[in-house]
Structures are given as structure tokens and as C-alpha cells.
> 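Here it is, the structure, as C-alpha cells.
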Amino acid sequence: MILTVIGGGSSQWMKSLMRDVYLLDCVDGGEIRLVDPVSDNVEAVARMLRHFNEVRDKSFRITVKADRREALVGTDFVMTTFSPGSMDAFYNDLEIPIKYGIRIPVSMTVGPPGVSAALRTVPVAYEIVEDMEELCPGAWLLNVTNPMSTVTRAMNLAARTVRVIGLCH
């Protein structure tokens, strides 16, 4: 089993998402490939997963890949938890509407913050599925990227053989 995580250096999501993977008794080994442009973060996550291997007596091979396409080759499952533009863009998604009196009390998946996030995220999500169709057709894509419903819809529009599921962790 090969799991590729796009956004694998996510300081917010990786601990809980990977904890869930490591708690699956039916999966004991394989490879977890981490893809993220922030090398310090992704290396920290790789160290955490190696520690999870020891704690849970698992044998996952943990690799860090700089190139998304290289990481997707032969992958069985892809998990996405990425944010184009990083925290600066996320901050603007939330703060610019507040400047004009628009406050969203729950999350950034609706209203102006959701539209702003979708405009910068959907094109990347679509490209990921196009890459998957070429490099790992038939793989499962587990999307955690927000705005989750919009991004998952875009991924499904691009999918022919890739099976897409949106997860709100």
C-alpha cells in the first residue's frame, strides 16, 4: 500500500490524520510519501511518522518527495491537505471580508472567505486529479483540503478513474 500525502508538512492536520492511519490494525506496512514545499515542516512530520512506527510497531517506509508527480507514480491512496499561498493567503481569506463588515462565525467554507479560498485552491486540486489519472489511475483520493465540498466537487469533475472522497476530519 502506497499513501501519498500532498500537503504532508501540514502542522495543523498531519498529527491527527496520520494517527488515524496508524490506528488501523488491518494496515501494517507499505510506504507513506510526503509532498510539501516547506521542507522544514515536512521533515518534522517524517520524523513524527518514524516515531509512530516505533510506538505502533508498524513498518511504513516514510519518504519525502519534492516533486508531486514523482510521488504519485504507483500510488494507491492520495490524501490532500494543502493550501496554495500558505498562511498569508488564508489570513487574507478571513481578514479582508472582516474589513468590510462580513464575519463568518463557523468556518471558511462559505461566503466570501470560502469563495476566495476556492478560487486559489480549485485549480490546483483539478491539476492533482489530472496528474493522478496519468500516474496512478484508479487510486483513491481522500480530500481534506478546504473548502472541502468545493474542492471535492472540482476533483470529481476532473476524475475519470480516480475515486474521490471528501473528508471533514
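Given the structure is predicted, the values throughout are model-derived calculations rather than measurements.
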> After noting the C-alpha distance and the side-chain angles of Asp25 and Arg56, does the key distance pass the salt bridge (Lys or Arg N to Asp or Glu O under 4.0 Å) rule?
CA-CA 10 Å; Asp25 290 330; Arg56 291 288 298 159; 3.3 Å; yes

> Which value, rounded to the nearest 0.5 Å, describes the distance between Met48 atom CE and Glu43 atom CD?
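Those atoms lie 12.5 Å apart.
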
> Quick one: pull up CD1 in Ile6 and OG1 in Thr145 and give me the separation to the nearest 0.5 Å.
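One finds 8.5 Å between CD1 of Ile6 and OG1 of Thr145.
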
> Report yes or no: do Phe77 and Val64 belong to one cluster of Ile/Leu/Val/Met/Phe/Trp/Tyr joined by side chain heavy-atom distances under 4.5 Å?
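Yes; Val64 is reachable from Phe77 via cluster members.
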
> Between Phe82 and Thr121, is a side chain to side chain contact (heavy atoms under 4.5 Å, CB included) present by the stated rule, with each step listed?
CA-CA 8 Å; Phe82 65 93; Thr121 306; 3.7 Å; yes

> Given the rule in the side chain to side chain contact (heavy atoms under 4.5 Å, CB included) test, do Ile165 and Trp140 qualify, once you have shown the distances and angles that lead to the verdict?
CA-CA 8 Å; Ile165 298 174; Trp140 285 91; 3.4 Å; yes

> Does atom CZ of Arg50 have more than 12 heavy-atom neighbours, drawn from other residues, nucleotides or ligands, at distances under 6.0 Å?
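Yes, CZ of Arg50 has more than 12 neighbouring heavy atoms, counting only those of other groups under 6.0 Å.
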
> Would the distance check show the side chain of Thr152 and the main-chain N or O of Ser149 forming a donor-acceptor pair, the cut-off being under 3.5 Å?
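Side chain of Thr152 to backbone of Ser149: no pair is present.
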
> Flag the pair Leu135 / Thr75 as yes when at least one side-chain heavy-atom distance between them is below 4.5 Å, and no otherwise.
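The answer is no, as the side chains (C-beta and beyond) never meet within the 4.5 Å cut-off.
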
> Looking only at heavy atoms, which two atoms of Gly166 and Met148 are closest? And how far apart?
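What the structure gives for the nearest pair is CA-SD, 3.4 Å.
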
> Quick one: closest heavy-atom pair of Met14 and Gly8, and the distance?
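Smallest heavy-atom distance, with atoms named: CG-O, 3.4 Å.
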
> Between Phe52 and Phe60, is the ring centre distance below 6.0 Å?
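Not under 6.0 Å, so no.
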
> Between Asn53 and Ser59, what is the shortest heavy-atom contact and its length?
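Between these two residues, the closest heavy atoms are OD1-N, 4.0 Å.
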
> For Val38 and Asp36, work out which heavy atoms get closest and say how close.
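Between these two residues, the closest heavy atoms are N-OD1, 2.9 Å.
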
> Distance check, rounded to the nearest 0.5 Å: Thr80 atom OG1 versus Arg68 atom CZ?
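Thr80 atom OG1 to Arg68 atom CZ measures 10.5 Å (nearest 0.5 Å).
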
> Do Leu141 and Arg163 have side-chain heavy atoms sitting under 4.5 Å apart?
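Sidechains of Arg163 and Leu141: no contact.
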
> Is Lys58 reaching over with its side chain to a backbone N or O of Val27, donor-acceptor style, under 3.5 angstrom?
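Yes, because the side chain of Lys58 sits within donor-acceptor range (under 3.5 Å) of the backbone of Val27.
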
> Give the minimum heavy-atom separation between Thr161 and Gly138, together with the two atoms involved.
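Minimum heavy-atom contact is OG1-N, 3.0 Å.
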
> What do the steps show when you test Asn143 against Leu167 for side chain to side chain contact (heavy atoms under 4.5 Å, CB included), and what is the final call?
CA-CA 6 Å; Asn143 175 51; Leu167 301 173; over 6 Å; no

> Hey, could you give me the CG/OG distance between Asn146 and Ser83, rounded to the nearest 0.5 Å?
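With rounding to 0.5 Å, CG (Asn146) is 9.0 Å from OG (Ser83).
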
> Within the distance-only criterion (no hydrogens, no angle test), does the side chain of Arg61 pair as donor or acceptor with the backbone N or O of Glu31 below 3.5 angstrom?
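No: the side chain of Arg61 does not pair with the backbone of Glu31.
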
> Side chains of Thr63 and Leu34: closer than 4.5 Å at any heavy-atom pair?
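No, too far: nothing below the 4.5 Å cut-off.
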
> Quick one, Pro137 and Arg160 - any side-chain contact, counting heavy atoms below 4.5 Å?
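No, side chains not in contact.
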
> I need the minimum non-hydrogen distance between Asp93 and Ser116, along with the two atoms involved.
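Where Asp93 meets Ser116 most closely, the heavy atoms are OD1-OG, 2.5 Å.
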
> Are side-chain heavy atoms of Glu130 and Glu133 found at a separation under 4.5 Å?
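Sidechains of Glu133 and Glu130: no contact.
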
> For Arg33, is there an ion pair with Glu70 - N to carboxylate O distance below 4.0 angstrom?
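No.
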
> Could you state the interatomic distance from OG1 (Thr150) to CE (Met155), rounded to the nearest 0.5 Å?
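Going from OG1 on Thr150 over to CE on Met155, the span is 11.5 Å.
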
> So how far is it from Thr4 OG1 to Ile2 CD1, rounded to the nearest 0.5 Å?
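If I round to the nearest 0.5 Å, the distance is 7.0 Å.
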
> Please determine whether side chain to side chain contact (heavy atoms under 4.5 Å, CB included) holds for the pair Met18 and Val5, giving the CA-CA distance in whole Å, both sets of side-chain angles, and the decisive distance to 0.1 Å.
CA-CA 10 Å; Met18 291 296 101; Val5 184; 4.1 Å; yes

> According to a 4.5 Å side-chain heavy-atom criterion applied to Ile, Leu, Val, Met, Phe, Trp and Tyr, with indirect links allowed, do Val164 and Ile128 form part of one hydrophobic cluster?
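Same hydrophobic cluster.
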
> Heavy atoms, side chains only, cut-off 4.5 Å: are Ile32 and Leu49 in contact?
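Yes. Closest side-chain heavy atoms under 4.5 Å.
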
